[in-house]
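The figures here come from the full heavy-atom set of this structure, side chains too, leaving out hydrogens, waters and symmetry mates. Model, not experiment: these values are computed from the prediction. Quick note on labels: first sequence line is chain A, next is B, and so on, each numbered from 1.
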2 protein chains.
Amino acid sequence: MAVNLPLLVAADLKPVAGIELGYAEANVRKPNRKDVLVMRLAPTATVAGVFTKNRFCAAPVQICKAHLEAARAGNAPIRALLVNTGNANAGTGEAGLADANATCAALAAQLGCEPVQILPFSTGVILEPLPVDRIVAGLPAAIANLKEDNWFAAAEAIMTTDTQPKAASRTVTIAGKTVTLTGISKGAGMIKPNMATMLGYVAIDAKVAQPVLEHLVREAADKSFNCITIDGDTSTNDSFMLIATGAGALEVNDVSAPEYAELAAAVIALSQQLAQMIVRDGEGATKFMTITVEQGASVEECRRIAYSIAHSPLVKTAFYASDPNLGRILAAIGYAGVEDLDVSKLNLYLDDVWVAKNGGRNPDYREEDGQRVMQQSEIMVRVLLARGEASATVWTCDFSHEYVSINADYRS
Amino acid sequence: MAVNLPLLVAADLKPVAGIELGYAEANVRKPNRKDVLVMRLAPTATVAGVFTKNRFCAAPVQICKAHLEAARAGNAPIRALLVNTGNANAGTGEAGLADANATCAALAAQLGCEPVQILPFSTGVILEPLPVDRIVAGLPAAIANLKEDNWFAAAEAIMTTDTQPKAASRTVTIAGKTVTLTGISKGAGMIKPNMATMLGYVAIDAKVAQPVLEHLVREAADKSFNCITIDGDTSTNDSFMLIATGAGALEVNDVSAPEYAELAAAVIALSQQLAQMIVRDGEGATKFMTITVEQGASVEECRRIAYSIAHSPLVKTAFYASDPNLGRILAAIGYAGVEDLDVSKLNLYLDDVWVAKNGGRNPDYREEDGQRVMQQSEIMVRVLLARGEASATVWTCDFSHEYVSINADYRS
């Protein structure tokens, strides 16, 4: 029951020159589903990523960081990404690192490169050993179907509790040169990215210098995947990767170039679209909420308050019920930890309805106006702090019976 | 469906000399329920309390603080407490303060004291005007039935979404003198006290000097109500009050006296019992969990990790499902914000079952052992950090379909 998430078809997704995608049904956890994905890159490609800050970061995340570091140092550019679903390879200690390395070695041997040129990713259940044999056995099939127009199948291959594949494409013209951007993402629970989301991949066919790409991936993550939450649970496997294949005409070597700003705008817009898709398909979601906190003393305090509202089970269940029990929003603002907040100046809007005025109920607020907005599937919560110029936005969903059902049944 | 919360009867609760209780059915929000409580104190009584740190703290909380300050200053000892349910008088601005003052004035006039000698408390829906007229109209009935053995009715009168009244009594002998302690508490949702819980009242018949009582109420709150969470939502109205009526033989004037330590132990034990009753009756609860984090570098970091586990919707739904999906606990430890945590030394136990060893799955862990513990109604989660001597414990409950139902329907 995703919220206003249009059904994609393969034709919606544009190939990006310089990246081919192939999948397999490898029985990682369940039969008859795509669960292994290989993305092969042109030798000209640069890759940058951001990863979870969870201290229990998964084995593949640790290896990705090391392999990206080696690529930055010079002689071993990244040639392929390998993703499996069904098993997160997290909480698996030394054995997990060996398992992830084994999958890199197997793919490298088949693609004719070094293991350090492979980036591994896993998503699924934590604390269980990775079934290396089944993943390796699936690689020949994935390699056999590598092609540039396989993005739709790739989006399907990375799904876990997602109800729909998530992907988007766009083309932009920068300095007279056409750039194609296509991305995929997955995730529906354990979503409160801290640097990045569960899994997101965006490819562009421009040629982008490594330091520029690293700057861009952080900027895009901060404005997209780092602004969403479903349940406040930061995953052990969050990874967001930006791939510039170098196969197109545009070249960007400097963050101060005018081309950078245009490219960044396009990457950020696509990343926001992919991030919002994750919220729209949040486990059990029936509503999509945009929480905006304005007039703050700092972006940090605005984010704190926005997340406090977005994570409150009481706020989320009130939205699920379409019940304008809006005092719960005030309570969540009050316990957000902004110690010197003067609530007597605070104003709260629900879409265009002015609910709280100077910290109390707006005398002109009518319950039926709140009720009208609460019945919508898309709702804007707007908090005005009256103490500065900073603002922040967080996207989230409601909390339903279905969320409990999904997470009480996930492994079975 | 409270978890192992025995049904009380009135005879379980001992009167405390020097405090009388009276209730009324005042139709604050719903008809035919006790919703106003008056507690009248002996002139010898001292009172101390701790209150929510929510910035949107309710009007009655603000007035309680002012009246307690006046009592400390000297000439106007607290003579009565007034509690209403059904309306929290929070998020109500200046009008809310005037309303709370009006109820104090009405009760003071009927008891023959000053309004500043009354402590007001409210609990219920936020952001709605307090129905002062209905509360005031209920006062004569409450005053008419004031008596010392009304504790059971008092526990009923402060219930909101609670399914059972919560109260406990004990007597202790200190320095050869008998002391009686009786307390009541309420709360089942919006429970993550920050200084105190929704409403808790403990009365003792000892004579305790004001500074000693203030020290004791903080110590008791920190070891009881400040260790529980149901949904992580810190209420606007949390208040925990300790009343020493002075009607008994014991007198304590110094925190370094041996009598203080004995009295404190009794008050803390009773407060823990009342606090745990709140968790056992948590909205929709089917399990009671004790989360203990040991071998930490500081109590603060142990509490952070314990709360991170206790608040994770994914952990709470796994407990609801009796599913040993225990990687979710590792993820919650990992995102608790302890930046330098070395997870490779961490161990996790579920009761006596050693689940994670040195940060990975214990090779000897068997799924059926985890399954056995998860099916219990009382479960201990024990995390060993291997980085110090500090520890902390948090009590919480699981997250069920019923929680969503209760909070999607609460106002209707």
Side-chain angles (χ1 to χ4, degrees), chain A residues 53-57 88 90-96 125-129 189-190 192 194 231-236 311-314 317-318 320-321 323 325-328 330-335 338-339 341 343-344 355-356 358-361 399-401 403-405 407-412, chain B residues 53-57 88 90-96 125-129 189-190 192 194 231-236 311-314 317-318 320-321 323 325-328 330-335 338-339 341 343-344 355-356 358-361 399-401 403-405 407-412:
Chain A
K53 287 193 169 167
N54 193 307
R55 293 298 304 165
F56 259 104
C57 83
T92 46
E94 291 297 323
V125 179
I126 298 170
L127 202 61
E128 297 194 0
M190 202 173 271
K192 196 267 173 173
N194 183 0
D231 46 21
D233 279 293
T234 300
S235 158
T236 49
H311 288 151
S312 161
L314 293 175
T317 48
Y320 170 56
D323 178 7
N325 192 344
L326 302 171
R328 293 177 176 180
L330 299 189
I333 295 167
Y335 69 68
V338 179
E339 297 303 333
L341 183 66
V343 301
S344 74
V355 176
N358 298 327
R361 187 188 175 107
F399 214 165
S400 67
H401 285 113
Y403 177 89
V404 177
S405 297
N407 285 300
D409 298 342
Y410 173 38
R411 294 203 320 168
S412 41
Chain B
K53 287 193 169 167
N54 193 308
R55 293 297 304 164
F56 259 104
C57 81
T92 46
E94 290 297 323
V125 179
I126 299 169
L127 202 62
E128 298 195 358
M190 201 174 270
K192 196 266 173 174
N194 183 358
D231 45 20
D233 279 292
T234 300
S235 157
T236 49
H311 288 152
S312 161
L314 293 175
T317 48
Y320 170 55
D323 178 8
N325 192 342
L326 303 171
R328 292 177 177 179
L330 298 190
I333 295 167
Y335 68 69
V338 179
E339 297 303 334
L341 183 66
V343 300
S344 75
V355 176
N358 298 329
R361 186 187 175 108
F399 214 165
S400 68
H401 285 113
Y403 177 88
V404 177
S405 297
N407 284 301
D409 298 343
Y410 173 37
R411 295 202 320 167
S412 42

If one checks every heavy atom of A:Glu94 against chain B at 4.5 Å, the contacting part turns out to be neither
Looking only at A:Ile333, A:Leu341, A:Leu330, A:Val338, most heavy-atom pairs under 4.5 Å shared with chain B are made by A:Leu330
Smallest heavy-atom separation, B:Ala321 atom then A:Ala408 atom, equals CB-O, 3.0 Å
Counting heavy-atom pairs under 4.5 angstrom with chain A, the leader among B:Ala332, B:Gly334, B:Gly360 is B:Gly334
Most contact-rich option vs chain A, by heavy-atom pairs under 4.5 angstrom, among B:Pro129, B:Ser344, B:Gly91, is B:Gly91
Applying a strict 4.5 Å limit to non-hydrogen atoms, the region of A:Ala331 in contact with chain B is both
Next on the checklist: Treating A:Arg361 as the side-chain partner and B:Leu127 as the backbone partner, does any N or O pair qualify as donor plus acceptor under 3.5 Å?
Outcome noted: yes
Rounding to 0.5 Å, atoms CG (A:Asn407) and OH (B:Tyr320) come to a distance of 12.5 Å
Closest non-hydrogen atoms of B:Tyr403 and A:Pro313, given as atom of the first, atom of the second and distance, are OH-CB, 3.5 Å
Rounded to the nearest 0.5 angstrom, the CD1-CG distance for A:Ile126 and B:Leu326 is 10.5 Å
Bottom line for A:Thr92: the part with an atom under 4.5 Å from chain B's heavy atoms is backbone
Applying a strict 4.5 Å limit to non-hydrogen atoms, the region of A:Val355 in contact with chain B is side chain
